[in-house]
Amino acid sequence: MEVPKEFTDCLARQRAAYLKDPIPGAGSRRADLEALHRMITENETEIVAAIDADFGVRSAVETRLLELFPVREGIRSAISHLAKWMRPQKRSVDWLVFPGASNRVIPQPLGVIGVIVPWNFPIQLSFGPLIDILAAGNRAMVKMSENSPRLSRLLAEISARYLPPDKLTFFECGGRGPAFSSLPFDHLVFTGSSATGRAVMASAAANLCPVTLELGGKAPAVVAPDFPITTAAERIIWAKCINAGQVCVNVDYLFLPEDKTEEFVANARRLVAERYPDLNSPDYTSIINQRAYDRLTAMLRDAEEKGATVVNLAHGQKPDAARRKLPPHILLGVNEDMTVMQEEIFGPLLPIKTYRDPEEVIDYVNSHDRPLSFYPFTNEKRLADMYITRIISGSVGVNEAIVQVGQHDLPFGGVGASGMGHYHGYEGFLTFSKLRPVFHQGPISSIQLALQPPYGTRARRTLDWMFRLRG
């Protein structure tokens, strides 16, 4: 595989700059974060317009709410905590090396970090990791998605006004993802599909490059009998329609009590009619490209052909292939033979399964890959705790969907097939730092005094005493 010269040249420049200044101080890191903040605030109009053009239609309100605002808040949070995060940590000293010895752990930058960004939230999923990367004192090369050409071009053009290229560089994709992931970074962050994540991890393995993989999968939600269906519908339909469902932590399928399905569907119809009276308005986002649109419509056909009842929640509004506007749909009577129950949906389709006992939900979810998120809706603490304890997922949102990702003091990351590693907040700082252990010997080395070869009676007696003393 031929690696573009601009990749190798940039990596060489950034690594050389890192070696000249391997541990930047708090002031330098704070200045980098402030520059990142200025980049998105001073270019907000252009960023929103570029994302809108890349999607065809992307709600400006959603871009500002779900991308720009969380990034700005994340930067402020990192700046406020930076001094505490950077502080060396004192650690206890083993009794064998007393007196006068000390232990500490120093967080130090890893070096040059590669970031591979998807198209669905291109600001959140590029600047989000960058906050932690720069807070930890690193440098970064960011490859944007081929589905974000206008935004990629914009960021590549403006970034040098705020941070030098040997600190931060954005690249347009141009089909060069495999070449980018083959570079010998000091750490690589990838957000995207599980299939591509496997390829990225294999590529990084050739360089023994550690990876953080944020993948996806089929995130379930379950509404308990005690939880009001009206409220559940309001929150789940909101999540399912945000970005037209193109969210990695979205509700992928829903468990409802057997007698609550009709009520949920009725509420869902009402909510879509109230919130999206015209899907061709700027409030409802387009599916990103024709291939994704065709995939979703094929899922609908496949489910219907295999016996599902397909409910168009936007009554009277048909799919619009020209604008790639796909109305939100509910699918009832789904089974495991349907594509919609086998693949991550990544669109405004919501399969519903019914259940009688929580154990059915637990058994079903645990028989599949571990999801990136899990959403139990219940006001019964005992039931919520049971679901949280028995079902393993990357994150949990109790009585709400998606919102947990925007909490800056909570780590974000998957588990198993939904990913590995974390970023956000302190955990993100740790991900992009080497926690370097430092042992400092005092003026007297007790172990050298007691256990010097040649080993004889004294050494054996000393060891016997040590074992008796410590049990």
Main-chain N/O of [Y] paired to [X] side chain as donor or acceptor, under 3.5 Å:
X	Y	result
Arg176	Glu172	yes
Ser80	Ser77	yes
Asp32	Leu163	no
Arg235	Asn399	yes
Arg324	Ile288	yes
Ser59	Tyr284	no
Glu360	Tyr355	no
Gln14	Pro165	yes
Asp226	Asn379	yes
Ser433	Phe429	yes

Tell me whether [X] at atom [atom1] has more than 12 heavy atoms from other residues, nucleotides or ligands lying less than 6.0 Å away.
X	atom1	value
Met201	CE	no
Arg38	CZ	yes
Phe69	CZ	no

### Face-on cation placement of Lys353 at Tyr364 ring, 6.0 Å and 45° thresholds
yes
Report yes or no: do [X] and [Y] form a side-chain donor-acceptor pair below 3.5 Å?
X	Y	value
Thr196	Ser193	yes
Arg91	Gln89	yes
Thr212	His422	no
Ser393	Ser373	no
Asn289	Asn147	yes
Asp54	Ser148	no

To the nearest 0.5 Å, what is the distance between [atom1] ([X]) and [atom2] ([Y])?
X	Y	atom1	atom2	answer
His368	Asp252	NE2	CG	11.0 Å
Glu34	Tyr162	CD	OH	14.0 Å
Arg15	Arg139	CZ	CZ	11.5 Å
Ile392	Phe374	CD1	CZ	10.5 Å
Thr169	Lys167	OG1	NZ	11.5 Å
Asp132	His408	CG	NE2	10.5 Å

For [X] against [Y], the heavy-atom pair lying closest together:
X	Y	answer
Gln404	Ala401	OE1-C, 4.2 Å
Asp186	Pro210	O-CG, 3.4 Å
Asn138	Ile113	CB-CG1, 3.8 Å
Thr8	Val3	CG2-CG1, 3.7 Å
Phe412	Cys248	CZ-SG, 4.4 Å
Met39	Ser159	CE-CA, 4.0 Å

Scan the side chains in residues 237-245 for donor-acceptor partners under 3.5 Å anywhere in the protein, sequence neighbours excluded, and list what turns up.
residue	atom	partner	partner atom	Å
Lys240	NZ	Val251	O	2.6
Lys240	NZ	Gly347	O	3.4
Lys240	NZ	Leu349	O	3.0
Asn243	OD1	Arg58	NE	3.0
Asn243	ND2	Asn120	O	3.3
Asn243	ND2	Gln246	O	3.0

### Task
Under the side chain to side chain donor-acceptor pair (under 3.5 Å) rule, collect the residues that match up with Lys5, sequence neighbours excluded.
Asp9
### Task
State which residues pass side chain to side chain donor-acceptor pair (under 3.5 Å) with Glu146; sequence neighbours excluded, sorted by chain then number.
none
### Query
Taking NZ, NE, NH1 and NH2 as the nitrogens, is one of them in Arg64 or Glu44 under 4.0 Å from a carboxylate oxygen of the other?
yes
### Task
Decide, yes or no, whether a salt bridge links Lys218 with Glu343 under the criterion of side-chain N to carboxylate O below 4.0 Å.
no
Side chains of [X] and [Y]: does their closest heavy-atom pair fall under 4.5 Å?
X	Y	value
Met141	Leu11	yes
Ile158	Leu155	yes
His187	Val189	yes
Lys90	Val105	no
Phe180	Phe190	no
Leu130	Leu168	yes
Met420	Val211	yes
Leu256	Val222	no

### Task
Just say parallel, tilted or perpendicular for the rings of Phe55 and Trp119, cut-offs at 30° and 60°.
perpendicular
### Task
Output, in order, the C-alpha distance, side-chain angles, deciding distance and verdict of side chain to side chain contact (heavy atoms under 4.5 Å, CB included) for Ser145 and Cys173.
CA-CA 6 Å; Ser145 168; Cys173 180; 5.8 Å; no
### Message
What verdict does the side chain to side chain contact (heavy atoms under 4.5 Å, CB included) test give for Ser418 and Asp369, after you've listed the backbone C-alpha separation in whole Å, the side-chain angles of each residue and the deciding distance to 0.1 Å?
### Response
CA-CA 8 Å; Ser418 60; Asp369 287 339; over 6 Å; no
### Message
Please confirm whether the ring centroid of Tyr375 lies under 6.0 Å from the ring centroid of Tyr387.
### Response
no
### Message
Is the distance from the ring center of Tyr426 to that of His81 below 6.0 Å?
### Response
no
### Task
Go through the steps for Val438 and Ile106 under the test side chain to side chain contact (heavy atoms under 4.5 Å, CB included), then give the verdict.
CA-CA 7 Å; Val438 177; Ile106 306 173; 3.8 Å; yes
### Task
Determine, stepwise, if the pair Phe121 / Phe127 fulfils ring-ring contact (aromatic ring centres under 6.0 Å, His included).
CA-CA 10 Å; Phe121 289 98; Phe127 282 69; over 10 Å; no
### Intermediate values then yes/no, salt bridge (Lys or Arg N to Asp or Glu O under 4.0 Å), Glu234 and Arg275
CA-CA 11 Å; Glu234 288 172 351; Arg275 296 172 180 178; 5.5 Å; no
